[in-house]
Asker: 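I am attaching a structure below and will ask some questions about it afterwards.
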Amino acid sequence: MADTPNKLAQTLAALGVTEPAQIPALFTEVRERFDSQVSRPMDLQAWEILRQSWLGRKSGVLTQITDNWLKPATQELKRGVGQELNQLRAHVESKSEERRKSIESGAEETASARERVDLSLPGVIRPIGSHHLIRQVFQQIEDIFFSIGFSVVEGPEIETPYYNFEALNIPEFHPVRDDMDTFYLDLPKGATQPLLLRTHTSPMQIRTMEKRQPPVRVIVPGKVYRRDNPDATHSFIFHQVEGLAVDTDITFCGFTGTIEYFVKQFFGPGVNTRFRPSYFPFTEPSVEFDVSCPFCGGSGTGAGGGTCSKCKGAGWIELFGAGMVDPAVYGFVNYDPKKVTGFAFGIGIDRLAMLKYGIDDIQVFFQNDARFLRQFP
Ligand code: DAH
């Protein structure tokens with residue numbers, strides 16, 4: 001077939017065709033070539049090129065046959081060549097027309113297929129995110145305190161040592177700073193005081209009392225930072241909810257009752273609370289609240305009869321620090337310690353969430369692993 005073009009450029013005499021009987025084979029070859037070309041996959045543009053190469057007036061295959069085979073043919077061959085040529089032309093014209101139609105309707109079909117909406121297909125599912133467990137626990141705690149008249153305030157994560165320490169009755173060389181003297185910021189030249197990432201939410205006690213007169217009942221959810229090495233129970237970033245209530249008639253009894261109410265609301269009515277003496281510079285007296293172990297019901301005995309692994313057999317789990325606001329703190333905010341009393345507490349949220357949901361590694365809160373997050377929709 002590769003030699004066909006050459007044949008088209010030559011006269012029949014040159015091709016050695018002298019008998020009418022030789023003519024049909026010659027045309028069969030040409031027709032086969034057309035049939036194979038017209039059945040290839042093509043779009044309308046390719047179809048137009050094909051049509052030109054066969055039917056084009058100047059140099060189409062049929063013109064070449066007319067010029068090179070028909071016109072110079074001997075009288076004896078002319079009739080046969082003419083007949084074959086007419087048949088070939090009719091074939092080429094009808095076949096290529098047929099092909100054009102099928103290409104056009106095919107193109108329409110794909111366009112309409114593209115636009116068709118198939119209502120039986122499943123929809124596109126766009127996954128809806130959910131609140132991180134820490135955020136959910138913040139909300140649970142906020143709801144409990146809202147129900148007893150507290151409101152939420154939030155404060156800066158970058159603090160001055162005055163609010164983070166001094167005004168909370170922690171002077172510069174006080175030993176409790178050892179745990180907390182941590183992330184100080186590089187300061188621009190001319191800065192008047194150092195800045196640090198707050199190590200607790202307690203500074204907001206001071207900022208709130210500076211702005212408001214008693215009665216004050218606020219909670220402060222937020223992030224805090226300490227130079228702790230990461231392990232299953234430590235992270236250099238974690239979360240707290242600070243609480244502060246100051247009024248003219250707040251008693252130690254009202255304080256412990258409030259905390260007990262909160263703990264029972266949070267863990268369920270089956271738990272008990274207790275407090276032990278502790279020390280914080282900004283509360284006096286200071287206490288540490290414990291909850292009866294939610295895993296063993298306070299018995300200290302695990303499910304299999306051995307020691308409860310969560311409370312290590314103690315039956316109690318340490319929850320958070322609290323106390324009655326130290327009168328010295330009122331001095332920093334111009335409250336009259338003779339007239340007002342109050343209590344404060346600082347709850348570690350990560351720890352509370354781990355206890356409530358049985359999570360044994362704090363790091364999972366910060367790893368953004370969807371397999372973990374999905375368990376708390
Ligand atoms: N700020 C303390 C801490 O981060 C927690 C704390 C203890 C806060 C006692 C309080 C409190 O308000 O009364 O370790």
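Note that the coordinates shown come from a computational prediction; the quantities given were computed from them, not determined experimentally. One-based numbering, in listed order, for ligands and for the atoms of each. Only this structure's heavy atoms are used, side chains among them; waters, hydrogens and symmetry mates stay out.
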Asker: Polar contacts were defined as any N/O atom of the residue lying under 3.5 Å from an N/O atom of the ligand; does this apply to Glu242 and ligand 1?
Answerer: yes

Asker: Under 3.5 Å between some N or O of ligand 1 and some N or O of Gln205?
Answerer: yes

Asker: Does an N or O from Phe280, backbone or side chain, lie closer than 3.5 Å to an N or O of ligand 1?
Answerer: no

Asker: Need the ligand 1 atom indices (1-based, order shown) with element for anything under 4.0 Å from a heavy-atom of Thr283.
Answerer: 13 (O)

Asker: Please list, in number order, the atoms of ligand 1 under 4.0 Å from a heavy atom of Gly323.
Answerer: 13 (O)

Asker: Is any NZ, NE, NH1 or NH2 atom of the basic residue among Arg207 and Glu159 found under 4.0 Å from an Asp or Glu carboxylate oxygen of the other?
Answerer: yes

Asker: Mind checking whether Phe282 has a heavy atom under 4.0 Å from ligand 1?
Answerer: yes

Asker: Tell me the contacting part of Phe343 for ligand 1: side chain, backbone, both, or neither, using a 4.0 Å heavy-atom threshold, strictly below.
Answerer: neither

Asker: If the threshold is 4.0 Å, N to carboxylate O, is there a salt bridge linking Asp369 and Arg371?
Answerer: yes

Asker: What atoms of ligand 1 come closer than 4.0 angstrom to any heavy atom of Ala344?
Answerer: 12 (O), 13 (O)

Asker: Under 4.0 Å between a side-chain nitrogen and a carboxylate oxygen: does that hold for Glu97 and Arg51?
Answerer: no

Asker: Salt bridge check: are Arg276 and Glu318 linked by an N-O gap of less than 4.0 Å?
Answerer: yes

Asker: With a 6.0 Å cut-off on ring centres, are Phe145 and Phe345 close enough?
Answerer: yes

Asker: Would you mind running through ligand 1 and noting each atom that sits below 4.0 Å from a heavy atom of Ala322?
Answerer: 9 (C), 11 (C), 13 (O)

Asker: Atom 5 (C) of ligand 1: which protein heavy atom is closest, and how many Å away?
Answerer: Gly346 CA, 4.0 Å

Asker: Output the list of atoms in ligand 1 that are nearer than 4.0 Å to some heavy atom of Ser202, sorted by atom number.
Answerer: 1 (N), 8 (C)

Asker: Between Leu197 and Lys223, is there a side-chain heavy-atom distance shorter than 4.5 Å?
Answerer: no

Asker: Do the rings of Tyr335 and Tyr330 sit parallel, tilted or perpendicular, given the 30° and 60° boundaries?
Answerer: parallel

Asker: Does the N or O separation between Gly243 and ligand 1 drop below 3.5 Å for any pair?
Answerer: no

Asker: For atom 14 (O) of ligand 1, grab the closest protein heavy atom and report residue, atom and distance to one decimal in Å.
Answerer: Arg226 NH2, 3.5 Å

